[in-house]
Student: 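So that we are looking at the same thing, I have put the structure below in structure tokens.
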Amino acid sequence: MITTSRIVFRPVLPADYPRLYEIESDPTTAMTWRYHGNLPPFAEYEPALWKQTQQIMVVEGRTSGQVVGYLQLHDVDPRAGSGWFSLYSGPEHRGTGLVMEGLMAYCEWAFGNWPLRWLYAHSFAQNVTEFEHGMRRGEAVRLGVLRERVVVEGEPTDVHVIGISRENWMASPLRRRFNLLRARQT
Amino acid sequence: MAATAFDQFVCVCGFGGGIMNGGWRLAEASDIPFVYELVTKVDPRWWRFSRGGLEPSVLLSTAQGISAGVIVVDSVNNPVACAILADAGTMGTGMFEYYALPNPQAEALARRFAPELLAAAFAGAPIRRLYYERFENDAEVFGELSAYFEVEVTYPEFAMIDGRYESRTTSVLTLERFTESQLGAAQ
């Protein structure tokens with residue numbers, strides 16, 4: 001578990017599933033997420049949620065106690081030393097920075113607890129701005145763009161491939177600041 | 001391997017090549033020992049199979065999940081290369097994986113039949129973008145056609161091979177570019 005002044009970052013519990021389901025049911029983004037609009041009924045949600053997934057961590061707002069988003073570690077490849085992450089934010093919390101703070105906690109947790117050299121993520125073109133700051137600062141890199149990789153509501157859509165290396169994360173000033181702020185909480 | 005997309009693949013194109021000069025055919029369950037041998041000979045480059053090690057039952061299980069495969073054979077009908085079409089779904093994309101035994105004759109046969117195999121992949125399924133992933137030091141199996149693939153993603157230092165990290169790329173061949181290559185070849 002990682003705590004900052006604004007969030008608590010912790011493993012998911014079954015009691016969180018209804019909230020995760022609610023986040024994934026948001027119609028404005030349901031088409032672009034892993035189910036491409038075919039979110040299973042809640043009774044079948046747990047196995048779908050955990051498919052190819054090693055761990056799920058939720059981001060909880062400290063003041064509200066509400067789960068504002070979550071991050072998945074999936075498709076870990078031990079031989080390559082890499083894994084993939086997906087980031088989900090509740091619609092009412094987008095733009096607040098809470099989930100991106102969760103991403104910092106996630107990097108600290110993933111590189112601190114798994115033998116990974118790289119974390120990768122797919123991001124649809126309309127969501128990639130969330131990573132732009134990190135790419136400008138150098139914690140994240142754009143490894144490429146899969147042009148017209150998926151069809152969303154009939155439109156071919158680009159998918160950006162984002163990479164965060166252990167080396168870059170461990171050396172980043174952002175990580176140092178993040179951990180300084182964390183230390184003040186304890 | 002369960003035959004679905006490559007069944008269509010072969011129905012469209014029939015058996016490729018003339019057997020006197022080598023050719024290709026739909027993969028069958030009896031080809032699994034050859035595929036295993038091929039994976040071991042290029043290990044760990046065929047990442048789909050090698051990423052988890054070479055325990056045979058794991059390879060068999062992975063092979064059973066693949067929708068379609070073809071085997072390239074030499075002039076005496078010995079298998080020398082294998083191609084699979086995977087992840088061909090509703091998005092109009094697919095993953096093409098193609099490996100030859102690591103010797104010049106097998107690799108030359110693979111290059112020779114690559115255009116026919118790619119034509120069959122595009123003809124057999126509604127694919128608009130065909131992806132191909134390779135390590136930086138993988139053998140070249142597409143010959144002149146490789147110029148029509150466009151690299152879209154590079155994963156630096158993706159995995160350790162023989163003591164050094166190699167990068168891995170994802171390239172795409174669009175139906176338009178492939179058609180262009182065939183028009184160029186016909187002229």
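Below, chain A is the first sequence line, B the second, and so on; all start at residue 1.
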Student: How many angstroms lie between CE in B:M91 and CD in A:E148, if you round to the nearest 0.5 Å?
Tutor: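 One finds 13.0 Å between CE of B:M91 and CD of A:E148.
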Student: Does any N or O in the side chain of A:R79 come within less than 3.5 Å of the main-chain N or O of B:S50, such that one atom is a donor and the other an acceptor?
Tutor: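 Present.
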Student: Are B:L54 and B:L38 connected in the hydrophobic side-chain network, where two residues link if heavy atoms are under 4.5 Å apart?
Tutor: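 Linked within one cluster.
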Student: In the single-linkage hydrophobic clustering (I, L, V, M, F, W, Y; side-chain heavy atoms under 4.5 Å), do A:M104 and A:V8 co-cluster?
Tutor: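 Per the 4.5 Å side-chain linkage, A:M104 and A:V8 are not co-clustered.
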Student: Look up atom CZ in A:R149 and atom OG1 in B:T170, then write down how far apart they are to the nearest 0.5 Å.
Tutor: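 That separation rounds to 9.5 Å.
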Student: Determine, using the 4.5 Å side-chain heavy-atom cutoff (strictly less than), whether B:F135 and B:M95 are members of one ILVMFWY cluster.
Tutor: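 Cluster IDs for B:F135 and B:M95 match.
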Student: Side chain, backbone, both or neither: which part of A:V145 has an atom under 4.5 Å from a heavy atom of chain B?
Tutor: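 It is the backbone, since no side chain atom gets that close.
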Student: If we only count heavy atoms from C-beta on, is the B:T154 to A:L143 side-chain gap below 4.5 Å?
Tutor: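 The answer is no; the side chains never approach within 4.5 Å.
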Student: Should B:P156 and A:W118 count as side-chain neighbours, where that means a heavy-atom distance under 4.5 Å?
Tutor: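 Counting from C-beta outward, B:P156 and A:W118 do come under 4.5 Å.
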Student: For a 4.5 angstrom cut-off between non-hydrogen side-chain atoms, does A:L146 reach B:V172?
Tutor: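 When only atoms from C-beta onward are counted, B:V172 and A:L146 do not touch, as no gap falls below 4.5 Å.
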Student: Can a donor-acceptor pair be found, under 3.5 Å and without considering hydrogens, that links the side chain of B:R129 to the backbone of A:R147?
Tutor: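 Yes: the side chain of B:R129 pairs with the backbone of A:R147.
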Student: Report yes or no: do B:V151 and B:L175 belong to one cluster of Ile/Leu/Val/Met/Phe/Trp/Tyr joined by side chain heavy-atom distances under 4.5 Å?
Tutor: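 No; tracing contacts between hydrophobic side chains, which count when under 4.5 Å, never links both residues.
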Student: Should the ring pair B:F158 and A:Y120 be called parallel, tilted or perpendicular, given that the plane angle runs from 0 to 90° and is split at 30 and 60?
Tutor: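 If you compare the ring of B:F158 with that of A:Y120, the planes turn out parallel.
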Student: Using a 6.0 Å cut-off, check whether atom CD of A:E167 has over 12 heavy atoms from anything other than its own residue.
Tutor: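 Incorrect, the count does not exceed 12.
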Student: Hydrophobic cluster membership, with links at side-chain heavy-atom distances under 4.5 Å among I/L/V/M/F/W/Y: are A:W50 and A:F42 in one?
Tutor: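 In one cluster: yes.
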Student: Heavy-atom pairs under 4.5 Å with chain A: which of B:E150, B:R168, B:R128, B:M160 has the most?
Tutor: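 That would be B:R128.
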Student: State whether the number of non-hydrogen atoms from other residues, nucleotides or ligands found under 6.0 Å of B:E136 atom CD is greater than 12.
Tutor: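 Buried by this count: over 12 neighbours within 6.0 Å.
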